[in-house]
Amino acid sequence: WQQQIFPNLYVMTVAVSTYYRKSAGLNLGAMVARAAMPHMLMPQPGSPENFMNMLGGVLPSNFEDIPATDRERLLKGNLFAAQRGILRDELSALFKAMGRDYMAGMKELLMQLYDCPPYLDSNTNHRGIVVIRDTALSILGAATPVELASALSTNDWYNGNLARFALLTPEPTYQERPSPKMSVVPPDLVARLARLHDSLPSPAASGEGTPTPSWSLVAEVWEPCHRYEQALRRLTAPDSVLDDRLRAVYGRLHVQALKIAVLLAALDWSDAGGQGQPVMHKAHWYRAQQIAESWRSSAHRLLRDLGENDEQRLEHRIIRLLRAHADGLSARALYRGLSVPRRAVVEVLNNLCADGTVRHVAETANRTGPRPGSYRLNL
């Protein structure tokens with residue numbers, strides 16, 4: 001498609017607080033990154049102007065006042081000024097801040113950076129012209145569905161903002177992973193990532209204007225990639241039943257799969273000694289397509305979670321509770337068990353009975369008078 005594709009990724013995990021341990025998972029990723037290549041983590045961006053300065057390798061005004069180890073890390077990171085990554089919990093706060101005056105232009109900047117333009121410049125108020133070369137920004141963040149829903153607008157689905165993110169939600173068959181007995185950063189994984197980082201060509205020092213070495217990856221995957229792109233394209237046809245909010249997501253999945261395949265090929269190349277240049281084989285592509293397909297399913301789950309209103313959430317809670325009680329529960333037991341007002345529960349039960357999801361089973365009278373009926377799930 002006459003486009004260059006680079007292996008940067010925007011990834012956002014979205015799950016309810018506590019149970020899925022999304023923040024703990026993000027912290028584990030940060031620990032691995034800091035152990036393998038701490039200089040590749042970018043400070044949290046403030047305003048768009050501050051962000052542009054960091055991407056352009058401009059050192060902070062208090063550089064001389066920070067500890068020597070941090071100065072060394074920042075200087076090393078400045079060689080990769082626009083190729084670093086951002087790790088951020090509660091990423092929804094960044095989306096929410098984009099609506100404020102001091103963050104004007106941040107959303108458009110992040111969308112532009114995803115496509116890795118080779119050259120950007122910006123005339124800032126305090127630094128004058130700032131030049132940004134060879135961008136390849138990556139983002140890994142986390143959010144809760146409620147906070148994300150309040151931070152997003154419908155346009156974020158249509159304009160490609162969310163489509164640039166891999167939107168990761170808990171799988172329907174979620175099960176607790178076994179916990180390691182020793183809480184240590186995996187040394188083999190750290191060594192593997194550090195080896196890959198050190199095997200790649202080093203970029204030119206920021207501001208020198210020397211072109212960064214550029215590699216074209218040898219690939220044998222264009223036919224299966226094209227088939228995947230065409231299949232996704234058919235699903236986004238104007239007369240398809242696909243939710244309009246997901247069309248931009250589908251339109252970028254083949255590009256995300258290519259990015260993943262590049263990463264897999266680079267890891268295998270580094271593990272094999274890093275001789276010559278990486279080669280992308282069909283095995284890399286098919287594994288990458290599997291991952292991209294899991295992201296496609298995940299985007300559907302996120303859209304459902306964000307689109308739910310209070311009534312729909314109550315429906316799901318009632319259904320889960322009835323599923324755990326095959327003999328049924330009374331309306332009284334349901335609204336007490338859910339700590340929800342009786343009227344709201346009864347209204348939802350009536351709707352569930354009307355559409356056949358739940359049935360009401362009347363109880364026979366006894367000596368003390370009629371007993372309330374129970375509600376049971378139609379299996």
Side-chain angles (χ1 to χ4, degrees), residues 1-12 29 32-33 36-37 40-42 79-87 110-118 133-140 160 163-168 189-203 211-232 249-296 298-299:
W1 307 282
Q2 299 299 313
Q3 295 183 29
Q4 290 183 313
I5 295 174
F6 299 87
N8 65 315
L9 289 170
Y10 289 3
V11 179
M12 176 164 45
V32 171
M37 51 188 100
M40 294 303 291
L41 291 180
M42 197 175 207
L79 294 175
F80 308 86
Q83 297 106 41
R84 291 175 290 181
I86 297 173
L87 286 166
L110 288 177
M111 291 171 65
Q112 185 179 15
L113 291 172
Y114 178 82
D115 296 320
C116 303
R133 291 185 171 86
D134 301 322
T135 56
L137 178 73
S138 289
I139 300 174
L140 175 60
R164 287 166 167 78
F165 281 84
L167 304 168
L168 308 186
L189 177 59
V190 170
R192 190 182 188 198
L193 293 175
R195 182 171 60 247
L196 171 60
H197 179 67
D198 294 338
S199 298
L200 295 169
S202 296
T212 300
S214 178
W215 285 2
S216 295
L217 196 69
V218 177
E220 341 174 310
V221 303
W222 302 122
E223 288 186 9
C225 176
H226 182 66
R227 287 196 299 269
Y228 185 49
E229 185 266 344
Q230 287 296 301
L232 293 168
V249 174
Y250 274 52
R252 287 185 174 270
L253 277 171
H254 66 288
V255 176
Q256 290 180 329
L258 274 174
K259 289 173 177 282
I260 299 167
V262 171
L263 294 170
L264 296 177
L267 280 168
D268 280 350
W269 166 80
S270 175
D271 290 345
Q275 299 300 313
Q277 294 183 8
V279 176
M280 187 196 300
H281 298 291
K282 288 184 178 178
H284 296 129
W285 166 257
Y286 288 123
R287 182 68 186 101
Q289 185 178 334
Q290 285 181 327
I291 294 172
E293 280 293 280
S294 72
W295 292 359
R296 181 163 72 98
S298 187

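Computed from a prediction, not measured in an experiment: that's the story for all the values here. Keep in mind that the numbers below use all heavy atoms, side chains included, and drop hydrogens, waters and symmetry copies.
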Exercise for the section: Could you check if a side-chain atom of Ile86 sits within less than 4.5 angstrom of a side-chain atom of Leu137, using non-hydrogen atoms only? Expected result: yes
Problem - Contact summary for Ala36 and Ala194, nearest pair of heavy atoms - result: O-CB, 3.7 Å
Practice task
Consider only side-chain N and O atoms of Arg287 and Gln290, and report whether a donor and an acceptor are under 3.5 Å apart.
Solution key: yes
Handout entry: For the student: nearest non-hydrogen atoms of Met40 and Arg84, plus distance
Key = O-CB, 3.2 Å
Problem - Within-4.5 Å side-chain heavy-atom neighbours: Met37 and Leu193 - result: yes
Exercise for the section: Compare every heavy atom of Ala166 with every heavy atom of Gln256, then report the nearest pair and how far apart it is. Expected result: NE2-N, 3.8 Å
Handout entry: Step-by-step ring-ring contact (aromatic ring centres under 6.0 Å, His included) determination, Trp215 to Trp269
Key = CA-CA 13 Å; Trp215 285 2; Trp269 166 80; 5.5 Å; yes
Exercise for the section: Measure the spacing between CG of Leu168 and OG of Ser294 and express it to the nearest 0.5 Å. Expected result: 7.5 Å
Handout entry: Test item: Ser199 side-chain N/O and Ser270 main-chain N/O as donor-acceptor pair under 3.5 Å
Key = no
Handout entry: Closest non-hydrogen atom pair, Leu167 against Ser298
Key = O-OG, 2.5 Å
Exercise for the section: Would you verify whether the NZ or CZ of Lys259 falls within 45 degrees of the ring axis of Tyr10 while also being under 6.0 Å from that six-membered ring's centre? Expected result: no
Exercise for the section: To the nearest 0.5 Å, tell me how far Tyr114 OH sits from Ser138 OG. Expected result: 9.5 Å
Handout entry: Heavy-atom side-chain contact between Arg296 and Val249 under 4.5 Å
Key = no
Problem - Close aromatic pair by centroid cut-off 6.0 Å: Phe80 and His197 - result: yes
Exercise for the section: Walk me through it: do Arg164 and Asp115 pass the test side-chain contact (heavy atoms from CB on, under 4.5 Å)? Expected result: CA-CA 9 Å; Arg164 287 166 167 78; Asp115 296 320; 3.5 Å; yes
Practice task
Determine, stepwise, if the pair Asp134 / Gln83 fulfils side-chain contact (heavy atoms from CB on, under 4.5 Å).
Solution key: CA-CA 7 Å; Asp134 301 322; Gln83 297 106 41; 3.6 Å; yes
Problem - Closest contact, heavy atoms only, Met280 versus Ala265 - result: CA-CB, 3.9 Å
Fill in the blank from the handout: Nearest heavy-atom contact between Gly160 and Met111 is C-CE, 4.3 Å
Exercise for the section: Check whether any side-chain heavy atom of Asp268 sits under 4.5 Å from a side-chain heavy atom of His284, and report yes or no. Expected result: yes
Problem - Atom pair SG/CD of Cys225 and Gln289 - distance to nearest 0.5 Å - result: 8.5 Å
Problem - Non-hydrogen side-chain atoms of Val255 and Ile5 separated by less than 4.5 Å - result: yes
Practice task
Evaluate side-chain contact (heavy atoms from CB on, under 4.5 Å) for Leu87 paired with Leu41, printing each intermediate quantity in order.
Solution key: CA-CA 7 Å; Leu87 286 166; Leu41 291 180; 3.5 Å; yes
Handout entry: Close side-chain approach of Asn8 to Cys116, heavy-atom, < 4.5 Å
Key = yes
Handout entry: Note, Leu110 side chain near Phe165 side chain (heavy atom, < 4.5 Å)
Key = no
Practice task
For residues Val221 and Leu258, determine if any side-chain heavy atom of one lies less than 4.5 Å from a side-chain heavy atom of the other.
Solution key: yes
Problem - Glu223 versus Tyr228, side-chain donor and acceptor atoms under 3.5 Å - result: no
Practice task
Apply side-chain contact (heavy atoms from CB on, under 4.5 Å) to the pair Val32 and Leu189, showing each step before the final yes or no.
Solution key: CA-CA 8 Å; Val32 171; Leu189 177 59; 4.1 Å; yes
